[in-house]
Amino acid sequence: MVMEQEMTELLSLDQSKKMEDSGKQTSPSPSSHSSPIPIKSRKKGGLITMPFIIANEALEKVGSYGVLPNMTFYLMRDYRLGVTSAQNLLFFWSAATNFLPLVGAFVADSYLGRFLAIGLGSIFSFLGTFVLWLTAMIPKARPPPCNQPGQACKSTTPSQFMLLVFSFMLMSIGAGGIRPCSLAFGANQVDRGDNPNRVKVLETFFAWYYTSSIVSVLIALTGIVYLQDRLGWKIGFGVPTILMFLSAVFFFLASPFYIKQKVRTNLFGSFVQVIVAACKNRKLPYPNQNSDYHHKNGSGPQVPTEKLRFLNKACIVKSPEDVKPNGVAANPWNLCTVEQVEELKAVIRIIPLWSTGIMLSINLSQSSFPLLQAQSMNRHLTKGFQIPAGSFGMFLMIALTIWVFLYDRVMLPLASKIKGRPVRLKPIVRMGLGIVVSSISMLVAGIVEHIRRKRAINQGLLNNSQGLVEMSAMWLIIPNSLNGIAEAFTAIGSTEFFYCELPKSMSSLASALFGLGMAVANLLASVILSAVDKYTRGEGKESWITSDINKGHYEYYYWLLAVLTAFNLLYFLVCSWAYGPSAEIDITERMMEASDDDGDDLLPQQNISTPGLKSH
């Protein structure tokens with residue numbers, strides 16, 4: 001699922017452009033940063049590392065996103081999988097790719113550090129694309145050609161299938177190392193407290209980073225896909241393999257110049273400590289005095305909130321021996337701070353609203369069906385050039401980018417000028433609007449498919465799924481554009497909502513929630529797809545989502561998703577009502593405060609998704 005993360009990046013880009021103004025209004029004092037950096041460390045980092053980090057990220061994106069758009073064709077034609085099996089495999093691959101960055105962030109923060117995480121991730125990504133390229137190069141790595149009349153086609157053997165899955169696993173592991181660390185690691189190199197131009201340098205880095213990211217994805221969706229269509233899989237997978245190799249090389253070339261931060265405790269470990277301590281102390285009575293609650297050293301006496309009260313027992317001081325003379329708990333698994341408890345409560349509170357975005361991610365993860373639709377339609381722009389079927393996902397990104405620009409730079413300033421005061425939609429309102437637009441996009445996608453299938457039958461193509469329907473594939477731009485607008489509303493709105501509602505010490509978790517949401521969406525999408533295939537199939541009757549696009553009813557499947565999204569809107573309204581008023585906090589100030597107070601580990605994390613490839 002491609003977009004969720006690109007949305008987070010676009011949001012951060014927009015906020016980083018506003019940081020300079022924020023910096024002009026409030027100059028950070030020396031005391032707001034940690035102790036001065038030793039003279040020796042000042043020789044490391046800086047803008048000299050920026051080209052290497054950006055090249056690593058850009059080449060990795062072109063390579064990884066370049067293999068996905070046409071993967072359905074590769075699985076169906078070369079491995080003889082049905083469309084349901086192929087899409088389910090892609091769902092599982094995408095779920096792993098979206099979930100492992102959470103694991104990678106934990107391992108990087110607690111054990112390896114970001115440098116090693118990115119380095120190992122780059123190596124694994126290269127090995128994954130290399131193994132995938134081998135499946136195209138070695139004839140015995142996939143079933144033999146099925147072009148002999150009268151002979152039964154051989155199916156994929158377990159060893160051939162496992163080699164393919166192994167390549168997917170390696171690429172997912174690589175993504176788990178690179179994606180949660182790349183942006184923050186790059187910011188580490190230029191975000192130094194002793195630099196008076198800190199905000200401006202960060203702005204330059206973010207601008208170049210995000211620009212290269214968007215350009216890279218567009219190259220993947222056009223150039224790499226075109227190579228696969230025209231020159232075959234050997235070249236189409238070989239080029240991404242070379243790019244992945246160059247990505248790793250560029251990253252390691254600048255190793256002597258990098259600032260390599262020490263590992264530190266991960267936030268997820270703190271959550272587990274609160275749960276364990278609350279369970280251990282479950283029989284303790286609630287204290288009457290504020291001083292009986294353990295709080296962070298130097299913060300002063302605090303009392304936990306009454307919501308989710310059972311967790312408060314994690315911070316009850318049973319005896320003076322539980323706290324060391326320096327104010328730290330003797331055993332963090334028996335006693336936690338009030339701040340730790342409130343952080344976990346904040347996460348639990350937003351989970352229902354977070355879950356409302358899963359349905360939108362399911363809609364955006366339907367990559368195989370638009371691909372088959374585009375393949376059966378007229379894709380010519382001119383007599384001599386036609387858009388590759390796998391490239392239509394780029395219209396989602398284009399629509400998203402244009403909408404973000406118009407909304408932020410045209411609509412809001414114009415509305416503010418008319419009203420005579422600053423005007424902005426609350427994040428939770430934008431999340432709801434995104435769900436509405438997503439439902440409309442599925443409705444429109446079904447209408448387009450209904451018309452396409454009707455024309456195919458009228459042309460006598462009911463039994464010929466390879467025939468070309470006399471209908472322009474440009475009609476597919478409409479649902480793609482609506483998907484882009486839906487994601488612009490929901491992804492950016494939810495990111496801002498999480499940043500505002502979570503404590504500033506948990507800013508990095510706001511982006512991490514996207515990866516988890518997309519992983520869950522991929523798994524649920526597989527469940528829905530399998531259920532539809534099973535219950536709409538009958539004796540002598542094709543399922544709605546059969547591989548023969550003209551015999552199936554893809555429009556019914558799209559309309560089912562539209563109905564589920566409409567029910568999800570009702571669920572969202574209930575959740576937003578139950579949550580109550582949301583905080584009104586400037587997200588830019590929150591990000592800068594988090595960076596100042598807690599260091600580099602709270603810089604925006606990356607969890608990028610790419611247009612039309614949201615499942616990845």
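Only a predicted model underlies this, so the values are computations on that prediction, with no experimental measurement involved. Hydrogens, waters and symmetry mates play no part in the numbers below; they use all other heavy atoms, side chains included.
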From CA spacing to verdict: side chain to side chain contact (heavy atoms under 4.5 Å, CB included), D322, H294: CA-CA 9 Å; D322 289 342; H294 180 51; over 6 Å; no
Straight-line distance of L311 CG to I348 CD1, nearest 0.5 Å: 5.0 Å
Criterion side chain to side chain contact (heavy atoms under 4.5 Å, CB included) against Y293, the qualifying member of L335, V341, V338: V338
Whether N334 side chain and K280 backbone form a donor-acceptor pair below 3.5 Å: no
Gap separating the CG atom of L59 from the OG atom of S212, nearest 0.5 angstrom: 9.5 Å
Contacts of type salt bridge (Lys or Arg N to Asp or Glu O under 4.0 Å), residue E321, not counting sequence neighbours: none
Heavy-atom pair with the smallest gap, counting every atom of F91 and N522: O-CB, 3.3 Å
Minimal non-hydrogen separation, F250 against A55, with atom names: CG-CB, 4.1 Å
Parallel, tilted or perpendicular: ring planes of F185 versus Y258, cut at 30 and 60 degrees: perpendicular
Side-chain touch F271/Q340, heavy atoms, less than 4.5 angstrom: no
Exam field: side chain R282 to backbone C279, donor-acceptor pair closer than 3.5 Å: yes
Derivation of the ring pair (Phe, Tyr, Trp, His ring centres under 6.0 Å) call for F168 and F92: CA-CA 10 Å; F168 291 166; F92 292 135; over 10 Å; no
CA sep, side-chain torsions, deciding dist, call: E496, R430, salt bridge (Lys or Arg N to Asp or Glu O under 4.0 Å): CA-CA 10 Å; E496 186 171 339; R430 279 179 274 160; 3.0 Å; yes
Any side-chain donor near an acceptor of the partner, Y65 and S216, under 3.5 Å: no
From S125 atom OG to L120 atom CG, the distance as rounded to the nearest 0.5 Å: 10.5 Å
Contact summary for F251 and G119, nearest pair of heavy atoms: CE2-N, 3.6 Å
Nearest heavy-atom neighbours spanning A277 and C336: CB-SG, 3.9 Å
Under 3.5 Å side-chain donor-acceptor pair for K61 and S247: no
Exercise: identify the closest heavy-atom pair between L523 and A95: CD2-CB, 3.9 Å
L284 and K318: CA distance, side-chain angles, deciding distance, side chain to side chain contact (heavy atoms under 4.5 Å, CB included) verdict: CA-CA 8 Å; L284 290 178; K318 291 179 289 187; 3.3 Å; yes
Modelled atom types, side-chain donor and acceptor of S172 and W93, under 3.5 Å: yes
F497 vs I350, side chain to side chain contact (heavy atoms under 4.5 Å, CB included): CA-CA, chis, key distance, verdict: CA-CA 9 Å; F497 176 78; I350 66 172; 4.2 Å; yes
Those residues that, when tested against K345, pass salt bridge (Lys or Arg N to Asp or Glu O under 4.0 Å) (two or more places apart): E342
F498 side chain reached by P427 side chain, heavy atoms, under 4.5 Å: no
Heavy-atom donor-acceptor pair, N312 side chain to T305 backbone, under 3.5 Å: yes
Closest non-hydrogen atom pair, N281 against K313: ND2-O, 3.0 Å
Flag side-chain contact, heavy atom, 4.5 Å: P352 against Y571: yes
Short side-chain to backbone donor-acceptor contact, S182 and R179, under 3.5 Å: no
I435 side, atom CD1; L433 side, atom CG - distance, nearest 0.5 Å: 9.5 Å
Exercise: do S438 and N483 side chains pair donor with acceptor under 3.5 Å: no
V103 vs F99, side chain to side chain contact (heavy atoms under 4.5 Å, CB included): CA-CA, chis, key distance, verdict: CA-CA 7 Å; V103 179; F99 177 74; 3.7 Å; yes
Whether N363 side chain and L360 backbone form a donor-acceptor pair below 3.5 Å: no
Backbone N/O of F252 and side chain of S255: donor-acceptor pair under 3.5 Å: no
Flag, side chain of N568 to backbone of L564, donor-acceptor distance under 3.5 Å: no
Pair S122, N56: side-chain N/O donor-acceptor within cut-off below 3.5 Å: yes
Matching residue for M431 among S576, C575, S494 - test: side chain to side chain contact (heavy atoms under 4.5 Å, CB included): S494
CZ on F489 to CG on L400, rounded to 0.5 Å: 11.0 Å
Step-by-step ring pair (Phe, Tyr, Trp, His ring centres under 6.0 Å) determination, F310 to Y286: CA-CA 9 Å; F310 67 94; Y286 292 103; 9.8 Å; no
Flag if over 12 foreign heavy atoms under 6.0 Å of CZ, F124: no
CD on E57 to CD1 on I178, rounded to 0.5 Å: 7.5 Å
I123 and F126, any side-chain heavy atoms less than 4.5 Å apart: no
